[in-house]
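Here is the naming used below: chain letters follow the sequence lines, and residue numbers restart at 1 for every chain.
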Number of protein chains: 2
Amino acid sequence: MSGPARLKRTVRLRQTMPNSVGRHMARRVTLKDVARESGMSESAVSQVLNNRPCRLSEDSKQRIRECAQRMNYRANRAARGLATKRSETVGLIVPDIENPFFSSLAKSLEARCRQAGLALFVANSDDRIEHDCEQLQRMDALGVDGIFFVPSNEIIADDESSIMDVLNGVSVPFVMVDRIIDDAVCDKVFVDNEYGAHQAVEYLISRGHTRIGCLANTRNSQNGRLRLAGYRNALVDHGLDFDDSLVAEGDYHGASGYGAVDALLSAGVTAIFSTSDLMTIGVMRRLSELSLRVPDDISLVSFDRNETSAFFLPDITSVHQDVAELSSRAFDLLSARIGGDASDPVLQVVEPTLVMGTSVSEPRDQDVR
Amino acid sequence: MSGPARLKRTVRLRQTMPNSVGRHMARRVTLKDVARESGMSESAVSQVLNNRPCRLSEDSKQRIRECAQRMNYRANRAARGLATKRSETVGLIVPDIENPFFSSLAKSLEARCRQAGLALFVANSDDRIEHDCEQLQRMDALGVDGIFFVPSNEIIADDESSIMDVLNGVSVPFVMVDRIIDDAVCDKVFVDNEYGAHQAVEYLISRGHTRIGCLANTRNSQNGRLRLAGYRNALVDHGLDFDDSLVAEGDYHGASGYGAVDALLSAGVTAIFSTSDLMTIGVMRRLSELSLRVPDDISLVSFDRNETSAFFLPDITSVHQDVAELSSRAFDLLSARIGGDASDPVLQVVEPTLVMGTSVSEPRDQDVR
DNA sequence: TTGAAAGCGCTAACAG
DNA sequence: CTGTTAGCGCTTTCAA
């Protein structure tokens, strides 16, 4: 349909700017330039442009401002930061920016920071411990005022020791969000994953299910283990046995959800608790291939709810993590620390809620055994 | 199910570190400290730690390295940047980090940058022109080495003039990605949206469809308009009439897809070309509610393909934008500019491909009219 | 009212 | 082989 000629098409064209070679990049105008141009001293210019309480004649002030404007002066923030030890910039490190939960967190934090006049820079660690360390040090060395940090799962799984050194070496405040390294001494805010799962499963039980499958990422996710724990505890709390064969291992991606369905079905489940949205998508696809309908043939509860999954049919009943609340708490905490608060580290828990959809009904026939 | 007591639970606890007040934040150790400690000059330390070709005795070198290590010295990058005019950091500005296309772009660029020893910081503009300007200036002032810039739609829609000033004032190279401001003088790399849409519609036509609906965001998306143009041109190229009533307006979100379906159906379409994944989700939901099956009752082609939509049933035939290719080109371009390349600005086009799924079949009965 | 001077932490050119 | 010096661009104290 397209010849290979269409591929790798590169157009080299002369743009609007007359005989420009590359883009014209003016040397940055500095404070000194403005000082010279306005006939004032550098310090005077600095004062005025930063609205410092200073006693210069209105005349001089005007002249300075006018000059700066005309010359299109903008302060070099790196230099300013060097002098003031403040950059009005904070960082966020996430394991996977493609994960809707984290991109939503990023957006939410960004909005909050902007309100406060801070810029937020997001870095992706790819869920790799060494990248966490790199980014942490880099942001610190670059002079951000504080850091929101969502650690890699690998860290929590492997060894906490290597990162502790890095963490201790960071010279700005940071708060740990969503995923927690127990030994770290810092503010932490996270969602009560265990409780969320507990609610979900308790609900299924209340609708009459007794053989409930659970799909969880326990291998490399602390939160995944907590969700499984919530599942287990809910069963136990209601006098049901925990049965290994009803638990499937997933990895937070669609394929693992897809692949887990058959085993769960043959174990005779009447409901599935899938502990992440992405996996739920895979589950639904497989169910659909098998011509099983939700909730008529099988009930389904999920975790999270992104823009995409919100449009599924049927509406999936799912555990909702309040990202806005999470961001807001994290922001307040970091903000206070940046402001100099030196009180003891704090642990804050955001409670998830079960959002009702239409993906759950009573089990079809009496349970087999 | 949970008393309000569980909400807003805040635990204030003493952490592992014995009588710490807040987190212990050591003063950052500086080059001077290392110099003093090792009995060498600052410049010597600097040379050694940066592996500069310098002629110091192995002995001194060792001592310096050992000292730096022991004192846990890490260079202040802001200061270094001030001195060297290089930060080894580049920025990316995207309109909406929650949009899977952009988060995927971010991740891809990040990987590419990391390979090259650059850190990538991502900023979100919320598709607001003033935020674009802010972020651009801020990154510039902070001393990044270059910027990947995906402009807000608003810019392209509203007025280009206001941002041109800002763009001209930026003192580091930048490349425009995916969305293009025509007047800007800089490297640009984008996907041929018009051609992608053309392929999609041509394919539908080849399968016998003549009444094809199009769902596009033309109001505030240049790329949306291009996709519509591709649709139109494909029709015309194949001797079909362009019919206004077969075009619905969307906004890239699920709800608009959902809402557009009924009108298209009553206009008698046998196939729908939905120009974005997110909208397609809404379309599918509505079709499903109406008990219309894809592709038996209606054919569907989409644009993009993210992790979520890849798991839909049926597989949606869709126009695929090669994010890896896009990033790679953008990176090479920026990289060259950072390296000093001053040749004329370049325009690069990445061709999208139509990925075959199973969402298209021949129209059911002969077309009505 | 205003400016000079010192310094933030680092690098680089040049002189011993 | 090694140290001194002079900045990078900005802020801030303090003296004039």
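Using cut-offs of 30° and 60° for the angle between ring planes, the B:Phe121 and A:Phe121 rings count as parallel.
Residues A:Ser43 and A:Ser46 bring no donor and acceptor atom of their side chains to less than 3.5 Å of each other. Side-chain contact check for B:Ser327 and B:Arg112: no donor-acceptor pair (N or O, by modelled atom type) lies under 3.5 Å.
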Query - Under 4.0 Å protein heavy-atom contacts per nucleotide of nucleotides 9-16 of chain D, with B for base, S for backbone only and - for none - result: BBBB----
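Rounded to an integer number of Å, the gap from CZ of B:Arg36 to P of C:dC10 is 12 Å. We find that CG of B:Leu56 is positioned 15 Å from P of C:dA12, with the value rounded to whole Å. Distance CG (B:Asn51) to P (C:dC10): 16 Å, rounded to an integer number of Å. The CG atom of B:Leu49 sits 8 Å away from the P atom of C:dT11 (whole-angstrom rounding). D:dC1 atom C1' lies 16 Å from atom CD of B:Gln62, rounded to whole Å.
For the pair B:Arg80 and B:Arg86, the minimum side-chain heavy-atom distance is 4.5 Å or more. The shortest side-chain heavy-atom distance between A:Pro95 and A:Asn153 does not fall under the 4.5 Å cut-off.
The pair A:Asp33-A:Arg27 meets the salt-bridge criterion, since a charged nitrogen lies less than 4.0 angstrom from a carboxylate oxygen.
Checked by atom type and distance alone, the side chain of B:Asn76 pairs as donor or acceptor with a backbone atom of B:Ala78 at under 3.5 Å.
Looking at residues two or more places apart in sequence or on another chain, you find no salt bridge (charged side-chain N to carboxylate O under 4.0 Å, His left out) involving A:Arg138.
Close to D:dC1, at under 4.0 Å from its OP1 or OP2, lies no side-chain N or O of B:Ser60.
Note that the two end axes of the helix from C:dT1-D:dA16 to C:dG16-D:dC1 enclose an angle of 50°, each drawn from 5 base pairs, rounded to 10 degrees.
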